[in-house]
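Have a look at the structure below before the remarks.
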Amino acid sequence: MKICKTINETTSLLSIFINDGKKIGFVPTMGALHKGHISLINISKKQNDITVVSIFVNPTQFNDKQDYIKYPRNSEKDLEMLSNTGCDLVFMPDDKEMYPEPDNRIFDLGNLETIMEGKFRPGHFQCVAGIVSKLFDIIKPDKAYFGQKDFQQLSVIKRLVQITNSKVQIISCPIIREENGLALSSRNLRLSVEEFKQAAIIYKTINQLSTFLENNKFCEFKTWAIKQIDKISLFKTEYIEIVDTETLGIVKDIKYHKSITCCIAVYCGQIRLIDNIQINL
Ligand code: AMP
């Protein structure tokens with residue numbers, strides 16, 4: 001496994017593979033790797049000749065400075081996991097390499113910027129789009145792999161590809177969960193043992209949406225869900241929304257939709273966790 005810290009080193013190495021006609025799969029990450037990340041790499045390995053993983057904790061996309069400072073970092077363990085998974089190349093740039101100057105581009109992300117994560121994390125998706133577009137320019141992958149765990153981010157990336165006329169094929173990968181149902185996340189490392197146990201309520205609650213639908217009680221779901229979660233002390237639901245899986249428009253009546261996704265963000269003490277569940281109607 002080759003470890004590259006500079007753009008020059010990475011592009012010159014990859015150009016050899018690209019000229020050779022090799023298919024490049026790319027998995028962008030912020031490190032603190034877990035089985036969720038590894039599942040993306042495994043899918044890429046099956047579909048490509050070369051799998052590239054990037055590890056870069058992008059400072060610009062954090063709304064909360066403390067969240068950025070406290071974001072888990074463990075490159076030694078990450079590299080061991082990557083090597084065991086059979087990753088071919090790791091791109092690990094520092095901030096200066098990615099931002100020799102500020103990135104002032106503005107992407108037209110439409111409604112994605114004004115709902116859910118877009119609404120509660122202003123500017124976040126502009127910076128996600130910015131860093132992913134830089135990474136795509138460097139790696140030039142055929143396919144790039146993103147987790148459904150970050151459901152709205154996936155839509156942002158699909159839109160980015162569309163508005164920039166990029167040829168990268170975006171592959172959406174299923175959410176990997178803990179045994180208790182909690183979606184794997186690097187931020188879970190910051191939960192106390194008790195918070196980790198209690199956080200199972202997030203998935204347990206959104207998973208009940210199908211029962212509400214069966215009983216024709218769609219309209220009652222959100223209020224019920226917030227009550228379930230917020231009754232745990234130190235847990236606070238920031239938002240819960242049910243949106244159309246394709247357009248991300250808010251669902252008012254399920255009869256007009258083929259597939260819906262229930263998205264949630266919850267503060268477990270200081271730690272903000274997100275999750276979602278998709279229901280095909
Ligand atoms: P991150 O390092 O959090 O930026 O995540 C890098 C990629 O891994 C993103 O595409 C995430 O959606 C994906 N990912 C994170 N957690 C999971 C999970 N539990 N299951 C599947 N994919 C995940």
Side-chain angles (χ1 to χ4, degrees), residues 25-47 51-64 67-68 70-75 77-79 81-82 85 87 90-93 98 112 116-117 121 124-125 127-136 139 141 143-161 168-191 196 199-200 202-203 206-207 245 261 263-266 268 271-278:
F26 176 44
V27 182
T29 82
M30 297 205 298
L33 301 180
H34 50 65
K35 286 182 193 153
H37 298 113
I38 301 301
S39 73
L40 269 53
I41 298 167
N42 283 332
I43 298 172
S44 170
K45 280 182 62 68
K46 284 198 189 117
Q47 300 183 350
T51 290
V52 179
V53 175
S54 64
I55 298 179
F56 180 63
V57 185
N58 179 29
T60 63
Q61 73 185 61
F62 285 79
N63 304 75
D64 174 358
D67 188 31
Y68 172 65
K70 292 189 177 156
Y71 196 83
R73 293 163 172 89
N74 192 344
S75 36
K77 188 169 164 235
D78 286 348
L79 291 174
M81 282 174 85
L82 290 176
T85 313
C87 160
V90 191
F91 178 49
M92 297 177 75
M98 292 312 290
L112 297 173
M116 304 192 292
E117 293 299 286
R121 302 187 68 184
H124 168 70
F125 284 135
C127 299
V128 169
I131 190 67
V132 171
S133 102
K134 275 174 180 263
L135 289 167
F136 281 2
I139 310 293
K143 295 189 170 91
Y145 297 80
F146 292 86
Q148 281 157 19
K149 151 91 176 19
D150 297 279
F151 167 75
Q152 197 172 350
Q153 172 174 280
L154 244 168
S155 297
V156 166
I157 304 302
K158 285 179 185 163
R159 188 164 170 97
L160 171 74
V161 162
V168 181
Q169 195 184 336
I170 305 303
I171 311 289
S172 152
C173 307
I175 303 176
I176 305 298
R177 299 182 177 281
E178 299 283 358
E179 256 175 44
N180 70 2
L182 176 65
L184 261 63
S185 164
S186 305
R187 287 189 175 86
N188 292 356
L189 289 170
R190 294 182 55 205
L191 297 172
F196 177 86
I202 301 170
Y203 179 61
I206 58 174
N207 205 19
T245 304
T261 300
C263 301
I264 190 165
V266 176
C268 305
I271 319 303
R272 185 176 183 278
L273 300 179
I274 59 170
D275 200 352
N276 66 83
I277 190 163
Q278 186 181 321

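Ligands are counted one by one from 1 in listed order, and the atoms in each one are counted from 1 as well.
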| task | May I ask you to check if ligand 1 and Asp150 share an N or O to N or O distance below 3.5 Å? | result | yes
heavy-atom search around atom 23 (C) of ligand 1 in the protein gives Lys149 CB, 4.0 Å
Quick note on ligand 1: atoms under 4.0 Å from a heavy atom of Leu40 include exactly 7 (C), 8 (O), 10 (O), 13 (C), 22 (N)
| Salt bridge present between Asp67 and Arg190 (N-O < 4.0 angstrom) | yes
Quick note on ligand 1: atoms under 4.0 Å from a heavy atom of Tyr71 include exactly 3 (O)
Across all chains, not counting sequence neighbours, the ring-ring contact (aromatic ring centres under 6.0 Å, His included) partners of His124 are none
Residue, atom and distance of the protein heavy atom nearest atom 21 (C) of ligand 1 read Pro174 O, 3.3 Å
Quick note on ligand 1: atoms under 4.0 Å from a heavy atom of Phe146 include exactly 10 (O)
- Message: With a cutoff of 4.0 Å, is Phe56 in contact with ligand 1, counting heavy atoms of the residue only?
- Response: no
When every non-hydrogen atom of Pro141 is compared with those of Val168, the smallest separation belongs to O-CG2, 3.6 Å
re atom 15 (C) of ligand 1, the protein heavy-atom contact at minimum distance is His34 CE1, 3.9 Å
Does any N or O of ligand 1 fall below 3.5 Å from an N or O anywhere on Ile175, backbone included?
no
If you measure every N/O of His37 against every N/O of ligand 1, is any gap under 3.5 Å? yes
protein heavy-atom neighbour closest to atom 6 (C) of ligand 1 works out as Pro28 O, 3.3 Å
of all protein heavy atoms, closest to atom 4 (O) of ligand 1 is Met30 CG, 3.6 Å
among protein heavy atoms, the one nearest atom 20 (N) of ligand 1 is Ile176 N, 2.9 Å
The answer for which part of Ser185 has a heavy atom under 4.0 Å from ligand 1 is neither
The protein heavy atom nearest to atom 10 (O) of ligand 1 is Gly147 N, 2.9 Å
